[in-house]
Amino acid sequence: LTNNLNKGREPTLSTDVDDPSHPLYHHRRIVTDFDYGEILGEGSYSTVLIGRDKRTGKQYAIKRLDKAHIVKNNKVKYVMIERDALSRMNHPGIVKLYWTYKDNRSLYFVLDLAKNGELYTYIRRLAPFDLDTTKFYAAEILLSIEHIHSRGVIHRDIKPENILLDDNLHIKVTDFGSAKIINENENATTGDGENSSTAARSFVGTAEYVSPELLRSDAVSKEADLWAFGCVIFQMLSGKSPFKAATDYLIFQKIKSLDYVMPDGFSPEAKDIVQRLLTSDPEKRFGSAATGGISAIKEHPFFEGVDWENIFTSTAPPLR
Ligand code: ADE
């Protein structure tokens, strides 16, 4: 199993904590370093629990992945990518990966604990958000996406369920289980190209937030995260995602034909930014290299008054 889990790993990546030159190598952790508590969430291959460091008392979210299940379902590659992508991240808006360790049954990822759970829950409860609240969360999400891309990663599953809120109601983007690590010189990547143990996966991500280029089987690039970002802004302002439908098939049809209705209640600036982000052609989509990159999005009138430098240390708007 150890060999399986190391197979296909990029030996040149310095993100590998098994490499003695990696900063995490020198303070490795083991299962018994933590007390385990409440279950925070359960996925098909993993469970997230509250963990408490016995030495410091500090609480973490510990993601426990079942090795047998992962190997049986050919998900080893995704687990490796999740860990490698996470370990490249160093940003207040993204869950930090502190340590990884394993026992006979499981792999463990020790992550930042985001005590207030998913943005999704707050949208369900409180949407439509007012303009200041939407602006605040959209700005934090945009800075986080900018960081992810700057570290050579496409998240590919940006959605309110994967945007967690910490004790101060600032965001922490999580779940890099669908991420793609891109070659710094490469801007686009066709599906899972080269080493595809992924043939069984019809698409990566979540139907409602999937970009049109992915449905066309075109190259998927960083701009796919900006499409999803547009969907999330729409959802905060209206309470529902723009391409909602009864089945995944119908959702895909709507996305392909750009079939969504801009709510009357959206301000002109909100309408404009959403419309620019929900552009079918990723090269023309707001935030693409040709349209000025993420800096151009930051300068859009929708974000007027946002203090980009200090937003993560500012007081979050009251969510109620
Ligand atoms: N659920 C999944 N990941 C989590 C995290 N990092 N913090 C809180 N709840 C979570």
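One-based numbering along the sequence shown. One-based numbering, in listed order, for ligands and for the atoms of each.
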Please list, in number order, the atoms of ligand 1 under 4.0 Å from a heavy atom of L164.
3 (N), 4 (C), 5 (C), 6 (N), 7 (N), 10 (C)
Subset of ligand 1 atoms that lie under 4.0 Å from at least one heavy atom of L40:
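That gives atoms 8 (C), 9 (N) of ligand 1.
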Taking N or O atoms only and a 3.5 Å limit, does D112 qualify as a polar contact for ligand 1?
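In this structure, D112 places an N or O atom under 3.5 Å from an N or O of ligand 1.
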Counting only heavy atoms closer than 4.0 Å, does ligand 1 sit against the backbone of A61, its side chain, both, or neither?
side chain
Taking the six-membered ring for Trp, are F229 and Y209 ring centroids under 6.0 Å apart?
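Here the rings of Y209 and F229 have centres that are no less than 6.0 Å from each other.
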Mind checking who shares a hydrophobic cluster with L40, ILVMFWY linked at side-chain heavy-atom distances under 4.5 Å?
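Besides L40, the cluster holds V48, I50, L113.
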Apart from I30 itself, members of its ILVMFWY cluster (side-chain separation under 4.5 Å) are none
Between Y108 and D103, do the side chains contain a donor N or O and an acceptor N or O under 3.5 Å apart?
yes
Report the nearest protein non-hydrogen atom to atom 7 (N) of ligand 1: residue, atom name, distance rounded to 0.1 Å.
A114 N, 2.9 Å
Under the side chain to side chain contact (heavy atoms under 4.5 Å, CB included) test against I94, which residue among I148, V153, D112, L143 passes?
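Result: among I148, V153, D112, L143, I148 is the only option passing the side chain to side chain contact (heavy atoms under 4.5 Å, CB included) with I94.
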